[in-house]
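When reading the values below, keep in mind they use all heavy atoms of this one structure, side chains included, and skip hydrogens, waters and symmetry mates.
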Amino acid sequence: MPELPEVEVVRRGLAEHVSSRTIRTVDVLHERAVRRQDGPLAAALIGRTVRCVSRRGKYLWLPLDDGTSLVAHLGMSGQLLLQPDHAADEKHLRVRIRFDDDGRELRFVDQRTFGGLMTAELVPDGFEGHIPVEIAHIAKDPLDPSFDDQAFIARLRAKDTEIKRALLDQTLISGIGNIYADESLWRARIHGRRATSGISRPKVAELLEHVRGVMTDALAQGGTSFDSLYVNVNGESGYFDRSLDAYGQEGEPCRRCAATIRREHFMNRSSFFCPRCQR
DNA sequence: CGGGCCTCCTGAATGC
DNA sequence: TGCATTCAGGAGGCCC
């Protein structure tokens, strides 16, 4: 389940291996893997040179030499792999991109097909930088140096919703999924169903610091548990290697107070929390 | 307009 | 043992 830290690990791996390379062929093996695309993906990509690899929240994009970009979202089970041309196709290989050189090919592999690729024009984003127009509505993520803490705190407190819903709202703050939402709320000792409007500014600021803390911790572990040389990035294996305090810990003692971690249904998924620490 | 529910999908885990 | 059901969840779309 790739969230911001896992996607950042992928970004770093890709940046090292696909920057400055020119695309020669594109094979789409599963139509669903291409989203919101105007015309064939191949037509938009062949002959283009990759400048670098950027990320916002859970979205990745490769700026190209014609002012467009190749945008990727891993969804639930997506992987971007760099493989030798002769390597056997993965069972869920969806898109194959070969370059105009002897290096490895880029493969988009996705079992559940919740992820996808598309091309999008780059549009100016603030004072510097550009962003694909299709994801311009995605908020900055908390590891972005230009993330505005005070604006985030004000917007969150003005919302009429529950705090966990707000953390998962990618137009308010991006990069947080179910796992990091639960972990951040546990660290901040806040129940996910608390009303955003009822949480003080300092408490929201503290929660934001816990979001950054858990992501930074995960990124440090992700960096060591993945082999960046091969970019065999698998969100699930990284997640299982991580030590979690709340998510998936139903029935286990809370590491802080020893109360039993509980699980509740929330938004058609699960929430894990400590009933004593998180009132 | 915005909150919040529904849906897409496949394979592992669970139930009987 | 085997078949059927449940569960996992990111985010666009849609309803109210």
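- Following rounding to the nearest Å, A:Leu74 (CG) and C:dG10 (P) show an atom-to-atom distance of 12 Å.
- With contacts defined as side-chain heavy-atom distances shorter than 4.5 Å, the pair A:Ile261/A:Phe273 does not qualify.
- Rounded to an integer number of Å, the gap from CE of A:Met267 to P of C:dG9 is 11 Å.
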Check against salt bridge (Lys or Arg N to Asp or Glu O under 4.0 Å), A:Asp125 and A:Arg56: CA-CA 12 Å; A:Asp125 175 47; A:Arg56 170 173 291 184; 2.8 Å; yes
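- Here A:His265 lies out of heavy-atom contact (under 4.0 Å) with every strand.
- Across the protein-nucleic acid pair, A:Arg269 atom CZ and C:dG10 atom C1' stand 7 Å apart, rounded to whole Å.
- With sequence neighbours excluded, the residues that form a side chain to side chain donor-acceptor pair (under 3.5 Å) with A:Lys164 are A:Asn178, A:Asp182, A:Ser271.
- The side chain of A:Tyr59 places an N or O atom within less than 4.0 Å of a non-bridging phosphate oxygen (OP1 or OP2) of C:dG12.
- Atom P of nucleotide C:dC7 and atom CG of A:Asn178 are separated by 15 Å, given to the nearest angstrom.
- Taking atom CG of residue A:Asp110 and atom P of nucleotide C:dG9, one finds them 16 Å apart after rounding to whole Å.
- Regarding A:Arg32, its CZ atom lies at a distance of 13 Å from the P atom of C:dG12, rounded to whole Å.
- Counting only heavy atoms from C-beta outward, the side chains of A:Phe272 and A:Leu244 never approach each other to under 4.5 Å.
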Salt bridge (Lys or Arg N to Asp or Glu O under 4.0 Å) assessment of A:Glu105 paired with A:Arg96: CA-CA 7 Å; A:Glu105 62 184 41; A:Arg96 181 205 314 278; 2.8 Å; yes
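- With respect to A:Asp66 and A:Arg48, a salt bridge is recorded, a charged nitrogen being found less than 4.0 Å from a carboxylate O.
- Using a 4.0 Å cut-off between charged side-chain N and carboxylate O, A:Lys58 and A:Glu3 make no salt bridge.
- Looking only at side-chain heavy atoms (C-beta outward), A:His191 and A:Arg279 stay at 4.5 Å or farther from each other.
- Along DNA chain B, read 5' to 3', the first and last nucleotides having any atom under 4.0 Å from a heavy atom of chain A are B:dG3 to B:dG11.
- Listed by residue number, A:Asp160, A:Thr161, A:Arg165 are the residues of residues 160-171 of chain A with a heavy-atom contact under 4.0 Å to DNA chain B.
- Legend: residues meeting ring pair (Phe, Tyr, Trp, His ring centres under 6.0 Å) with A:Phe266, ordered by chain and number and at least two apart, are absent.
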Without placing hydrogens or testing angles, list every side-chain donor-acceptor pair under 3.5 Å for residues 129-140 of chain A, not counting sequence neighbours.
from: A:Glu134; atom 1: OE1; to: A:Arg36; atom 2: NH1; distance (Å): 3.2
from: A:His137; atom 1: ND1; to: A:Glu134; atom 2: O; distance (Å): 3.4
from: A:Lys140; atom 1: NZ; to: A:Ser146; atom 2: OG; distance (Å): 3.2

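- Defining each end axis of the helix from B:dG2-C:dC16 to B:dC16-C:dG2 as the rotation carrying four pairs' C1' atoms onto the next four, with five pairs an end, the two axes are found to diverge by 60° to 10 degrees.
- To the nearest angstrom, P of C:dC7 lies 17 Å from CZ of A:Phe266.
- Taking a cutoff of 4.0 Å between a charged side-chain nitrogen and a carboxylate oxygen, A:Arg55 and A:Glu8 qualify as a salt bridge.
- When the C1' atom of C:dG10 is taken as reference, atom CZ of A:Arg36 falls 12 Å away, rounded to whole Å.
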